[in-house]
Amino acid sequence: MSYPFAEIEKKWQEHWDKDQTFRTGEDFSKPKYYVLDMFPYPSGAGLHVGHPEGYTATDIVARKRRMQGFNVLHPMGWDAFGLPAERYAMQTGIHPAITTKQNIDNFRRQLKALGFSYDWSREIDTTSPDYYKFTQWIFLQFFNSWYDTERKKARPISELKVPAELQGKEREEFIAKHRLAYIANMPVNWCAELGTVLANEEVDEWVEKGYKVERRPMRQWMLRITAYAERLLTDLAELDWPQGTIELQKNWIGQSTGALVHFGIEGTHDKLTVFTTRPDTLYGVTFMVLAPEHPLVETLTAESRKAEVEAYRKATALKTDLDRQLDAAKKEKTGVMIGAHAIHPLTGEKIPLYIADYVLMGYGTGAIMAVPAHDERDFAFAQQFGIAVKQVVKAETGETELPFAGDGLAVNSPVFDGLKTPEAKTKIIAHLEKEKTGERRTQYKLRDWLFSRQRYWGEPVPISFDDEGSMVAEENLPLLLPESQNFQPSGTGESALANIPEWVNFERKGKKYRRETNTMPQWAGSSWYYLRFADPHNKERFASAEAEKYWLAGGVDLYVGGGEHAVLHLLYARFWHKLLYDLGYVTTKEPFKKLVHQGIILGEDGSKMSKSRGNVINPDTVVAEYGADTFRLYEMFMGPLEQMKPWSSKSIEGIYRFLARVYRLYLGEGQLNQKLLAAPSDEKATQKVLHQTIKKVSEDIETLSLNTAISQMMIFVNEAYRLESIGNEAAQTFIRLLAPFAPHLSEEIWSALGMQGSIAVASWPQHDAKYLVESDFEAVIQINGKIRGRTRLAMGISDADFESAARGVDTVQAALDGKSVKKVIVVKNKMINFVVA
RNA sequence: GCCGAAGUGGUGAAAUGGUAGACACGCCGCACUCAAAAUGCGGUGGGGGCAACCCCAUGUCGGUUCAAGUCCGACCUUCGGUACCA
């Protein structure tokens with residue numbers, strides 16, 4: 001049963017290494033193909049069987065492209081900054097750089113053992129100063145840019161028009177407010193035990209582990225991704241991405257159109273501005289709600305309500321996101337009246353103001369006009385607080401049950417009565433615009449990106465502050481992460497870097513400065529790594545202009561990685577790319593042309609692999625038992641790449657048997673099987689199955705239908721066993737088809753066949769349609785759509801001859817007997833259907 | 001709730017609107033063997049029939065069509081994402 005895979009695989013891996021078989025070509029006149037995997041975080045647990053799934057698929061494509069004569073860029077690297085290494089350091093005192101290096105070495109060893117055709121000379125590591133130099137450099141591009149909403153692009157901050165009356169500190173603040181990287185006091189998820197702020201997406205994970213997370217406003221670096229909301233949305237149209245991922249990004253960006261409406265406030269000159277998608281319900285407003293954090297709450301709250309309002313605001317601040325979600329699920333609304341009134345812009349009516357935590361400060365203007373008749377949430381609130389409900393839209397058909405949030409006809413809305421909802425919206429907006437009490441507005445759910453972390457193990461933010469608090473960008477990059485033995489956060493909300501005064505404080509040209517102690521989030525390094533691969537050793541630039549232009553032409557040709565990155569990583573990378581595009585550093589609008597997500601591989605029990613379930617499959621064990629080629633082939637044979645699928649140790653045996661069968665077919669008992677290579681026992685049959693296989697495998701690799709490509713190769717091998725002799729030509733052609741899938745075994749057979757050079761650079765076979773032409777076919781005869789007979793007929797038979805031949809078949813004759821044929825449908829060279837009464 | 005993906009043999013799965021279940025796993029049988037394993041060859045959706053054949057079958061119910069796993073409508077189930085976004 002065995003074939004000597006261990007020996008073969010070791011031999012060829014060493015050969016490829018020594019020979020630099022997969023070194024990327026530098027000839028920019030050749031057609032290029034850039035095929036990229038999402039680079040991994042090198043965790044201490046080592047490679048998971050899920051990693052090689054996508055990696056094998058891209059490797060197959062990369063290998064085929066090389067054989068087709070493309071200049072292929074197929075690199076690998078490490079997304080190596082991250083919290084686990086830092087936490088480990090806090091527990092053990094071992095520097096994260098040390099564990100990270102160990103983990104990388106282990107990952108690299110495991111990947112090499114799988115025979116991937118990466119150009120290891122281009123390996124990158126986000127924690128290397130040579131790399132994060134440019135992560136910091138790109139951060140400074142954000143810092144030194146502003147977004148010109150008229151030209152719809154980022155421009156250098158030096159081109160920002162600053163009002164002449166602003167001088168000194170005021171001028172500086174004006175500029176700071178326009179930077180695409182800016183500091184803001186933001187409510188963040190503070191975890192006292194970890195001594196750090198968590199990203200929204202991290203909160204649940206830590207709460208589950210029993211950590212306490214509360215919201216607390218802190219000084220944070222932000223990236224103004226919201227400036228790009230519209231472009232991030234519209235440019236999705238040109239991407240060859242899974243529809244689901246595009247939808248996810250659309251929802252995340254969350255565009256909605258409506259209007260801003262300005263309400264006056266009784267007894268003041270203040271304005272309360274709200275955003276609404278339903279300006280047509282303006283006459284139905286019976287109260288208004290501000291987010292508890294809304295700045296106007298301070299000034300508007302009546303003396304008599306102050307205590308209650310203050311208590312409510314405090315209670316809200318202590319609520320975690322989880323609490324809020326639970327409230328939302330219960331549909332219970334809380335809130336308090338603030339004792340002030342707005343003035344309705346159309347009717348002049350007095351409208352009571354409330355604060356309630358169902359209104360979020362982070363969306364729209366942080367305040368809403370409440371229309372209980374036509375909004376579920378407002379309705380629930382009105383019910384609880386005994387507020388009037390005023391219907392202003394009725395359903396076009398049937399009864400209108402309140403709350404009614406659908407489109408209909410306007411009622412109780414003086415001059416707008418009878419208008420359909422879309423028209424009512426337009427008319428009311430036009431009216432508001434004329435009266436200067438409102439305007440059309442497009443709003444996005446997307447928030448600015450909270451970009452600072454209170455961690456040691458991350459890229460330092462290259463900004464310093466002088467005594468007056470003025471910001472200075474570090475010119476001398478990289479700004480190195482200082483050595484440290486103390487990885488505990490300062491506990492004050494600053495990172496462990498704050499514990500290193502000799503790094504934090506410095507003097508330059510006689511002036512004293514203090515460095516920023518926040519570091520960047522893990523997303524930073526992964527937001528541009530695909531660019532670095534184009535020119536990974538460039539010391540001057542993130543990549544040379546020529547290399548970027550060549551390798552990124554049209555974007556990365558194929559990008560494969562987990563669906564869990566459908567939103568954040570892929571949105572952040574698109575955002576960074578667009579900034580670089582605006583500033584002229586990259587030549588395409590979008591970084592990733594075609595994207596595919598590999599499905600999750602489940603444990604044998606059909607549940608997610610996890611240590612606690614004990615259903616984890618370790619790639620090292622599988623490779624030791626069956627070899628890398630079997631591992632690769634099995635993961636591709638399991639099912640469609642994008643699909644979630646369970647591991648099966650039975651099925652992998654089947655794949656192993658297939659490869660052993662290939663080995664024996666060619667190499668018999670250790671030496672070349674001369675019988676196989678002898679003149680074909682059936683020339684026609686050999687050519688037919690061979691060219692079918694060339695066609696199917698070639699096409700299936702293009703669509704990443706790798707499971708069916710393998711099926712076809714199995715069919716070929718079964719046929720070769722049956723034929724016994726297929727001749728040298730067919731034998732070596734088939735091995736070239738197998739090579740991208742099972743590269744080690746293919747190299748071994750290739751060299752045994754006496755072929756020169758690595759099969760990795762052999763030419764990809766072309767199928768010849770003439771061998772696929774059949775002289776006859778099995779005709780299917782249906783009566784009323786049911787099969788009633790079959791017969792073999794010559795290809796190209798006329799419809800009339802087809803019909804008479806069909807009528808001649810016994811079973812058909814019997815079935816047609818005594819029935820009148822009303823219609824005959826012939827599908828050429830395939831089937832015939834008699835429609836009978 | 002909303003958005004997305006998917007429901008096909010005992011199992012993983014194939015199938016430009018035109019022969020449902022390719023290819024594998026498992027199982028059964030045969031050959032080789034003293035025997036077993038390995039290997040090779042054959043069979044294998046369910047039901048009926050000695051047989052030729054017949055009936056049923058792609059989550060459910062309808063529809064379009066000469067013809068539906070595939071297209072359309074409603075529903076059920078599972079998985080993933082998201083959620084007081086005004």
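Atoms considered below: every heavy atom in the structure, side chains included; atoms not considered: hydrogens, waters and symmetry mates. The chains referred to below are lettered A, B, ... by the order of the sequence lines, with proteins before strands, and numbering in each begins at 1.
- Of all nucleotides present, none satisfies the Watson-Crick or G-U wobble test against B:U19 with each distance under 3.5 Å.
- Between the CG atom of A:L236 and the P atom of B:C3 there is a distance of 18 Å, given to the nearest Å.
- You'll find the ring centres of A:Y626 and A:Y634 outside the 6.0 Å limit.
- Atoms CD and CG, on A:E724 and A:N673 in that order, are 9.0 Å from each other to the nearest 0.5 Å.
- Across every strand in view, B:G4 sits in a pair with B:C79 that passes the Watson-Crick or G-U test at under 3.5 angstrom.
- The residue A:V359 sits close to a base: some heavy atom pair falls under 4.0 Å.
- Looking at A:V289, A:L282, A:I351 one by one, the single match for side chain to side chain contact (heavy atoms under 4.5 Å, CB included) with A:M369 turns out to be A:L282.
- For the C1' atoms, the distance from B:U58 to B:A51 is 30 Å, rounded to whole Å.
- Phosphate contact (OP1/OP2 of B:C41, side-chain N/O of A:R661, threshold under 4.0 Å): present.
- If you take atom C1' in B:A24 and the same atom in B:C75, they sit 35 Å apart, rounded to whole Å.
- A side chain to side chain contact (heavy atoms under 4.5 Å, CB included) with A:P740 is found for one member of A:L706, A:T56, A:V697, A:I60 and no other, namely A:I60.
- Remark: B:C61 base-pairs with B:G73. Criterion, Watson-Crick or G-U wobble with two distances under 3.5 Å.
- Going from atom CG of A:L360 over to atom CD of A:E293 covers 8.0 Å, rounded to the nearest 0.5 Å.
- To the nearest angstrom, P of B:C66 lies 11 Å from CG of A:N784.
- Taking atom CG of A:L568 as the reference point, atom C1' of B:U82 lies 12 Å away to the nearest angstrom.
- Contact annotation for A:L248: backbone-only contact, meaning every heavy-atom pair under 4.0 Å involves sugar-phosphate atoms and none involves a base.
- Using a 4.0 Å heavy-atom cutoff across all strands shown, A:K650 reaches sugar-phosphate atoms only and no base atom.
- Of all nucleotides present, only B:C56 satisfies the Watson-Crick or G-U wobble test against B:G45, with each distance under 3.5 Å.
- With a 6.0 Å radius and a threshold of 12 heavy atoms from other residues, nucleotides or ligands, A:E401 has its CD atom at or below the threshold.
- In a base pair of the Watson-Crick type (N1 to N3 plus N6-O4 or O6-N4) or a G-U wobble (N1-O2 and O6-N3), with each distance short of 3.5 Å, B:G40 is matched with B:C30.
- Between the P atoms of B:A74 and B:G1, the separation comes to 16 Å (whole Å).
- In this structure, A:F631 and A:W647 have tilted ring planes: the angle between them lies in the 30° to 60° band.
- Here B:C25 sits opposite B:G10 as a Watson-Crick or G-U wobble pair (both hydrogen-bonding atom distances under 3.5 Å).
- Using Watson-Crick or G-U wobble geometry with both donor-acceptor distances under 3.5 Å, B:A35 finds no partner in any strand shown.
- Put simply, CG on A:L738 and CG on A:L659 are 6.5 Å apart, with the number rounded to the nearest 0.5 Å.
- By the 30° and 60° cut-offs, the orientation of the rings of A:Y572 relative to A:W449 is parallel.
- Going from the C1' atom of B:U39 to that of B:G45 covers 29 Å, rounded to whole Å.
- Relative to the side chain of A:E247, the nucleotides B:G26, B:C3, B:A86 differ in distance, and B:C3 lies closest.
- The residue A:R788 sits close only to the backbone: its heavy atoms come under 4.0 Å of sugar-phosphate atoms, none of a base.
- To the nearest whole angstrom, the two P atoms, one in B:A14 and one in B:C23, are 14 Å apart.
- The CE-C1' distance, from A:M713 to B:C23, rounds to 12 Å in whole Å.
- In summary, A:K830 and A:E778 do not engage in a salt bridge, as defined by a charged side-chain N under 4.0 Å from a carboxylate O.
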Take A:N718 and A:R661 through the test side chain to side chain donor-acceptor pair (under 3.5 Å) and record every step on the way to the result.
-> CA-CA 9 Å; A:N718 290 345; A:R661 217 162 127 82; 2.9 Å; yes

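- Applying the 90° criterion around 0 to the glycosidic angle, B:G21 comes out anti.
- Each of A:W252 and A:S256 was assigned the nucleotide of RNA chain B with the nearest heavy atom; the assignment lying further toward the 5' end belongs to A:W252.
- Side-chain atoms of A:S711 lie closest to B:C23 of the nucleotides B:C66, B:C23, B:C41.
- On the C1' atoms, B:A15 is 13 Å away from B:A68, given to the nearest whole Å.
- One atom, CD of A:Q243, and another, P of B:A5, lie 7 Å apart when rounded to the nearest Å.
- Heavy-atom nearest nucleotides on RNA chain B were determined for A:I368 and for A:R722, and the one closer to the 5' end corresponds to A:R722.
- Contact annotation for A:G654: backbone-only contact, meaning every heavy-atom pair under 4.0 Å involves sugar-phosphate atoms and none involves a base.
- For A:K822 against B:C66, a side-chain-to-base donor-acceptor contact under 3.5 Å is absent.
- One interatomic measurement links the two molecules: CD1 of A:I832 to C1' of B:C66, which rounds to 12 Å at whole-angstrom precision.
- Within the cation-pi definition used here (under 6.0 Å to the ring centroid, within 45° of the axis), A:K333 does not qualify as a partner of A:F381.
- The gap from the P atom of B:A22 to that of B:G42 amounts to 15 Å, rounded to the nearest Å.
- When Watson-Crick and G-U wobble pairs are counted only if both distances are under 3.5 Å, B:A67 pairs with no nucleotide at all.
- Near-neighbour residues of RNA chain B inside residues 272-283 of chain A, defined by a heavy atom below 4.0 Å, number-ordered: A:F275, A:T276, A:T277.
- Rounded to whole Å, atom P of B:C53 lies 14 Å from atom CD1 of A:I783.
- Within 4.0 Å (heavy atoms only), A:D357 reaches at least one base atom of the nucleic acid.
- In terms of phosphate contacts, A:K786 brings no side-chain nitrogen or oxygen within less than 4.0 Å of OP1 or OP2 of B:C53.
- A:Y656 pairs with exactly one of A:Y3, A:Y663, A:F637 by the ring-ring contact (aromatic ring centres under 6.0 Å, His included) rule, that one being A:Y3.
- Rounded to a whole Å, the CD atom of A:E376 is 18 Å from the P atom of B:A83.
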Under 4.0 Å protein heavy-atom contacts per nucleotide of nucleotides 13-21 of chain B, with B for base, S for backbone only and - for none | SS-B-BBS-

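- Separation of the P atoms belonging to B:C55 and B:G59 is 22 Å when rounded to the nearest angstrom.
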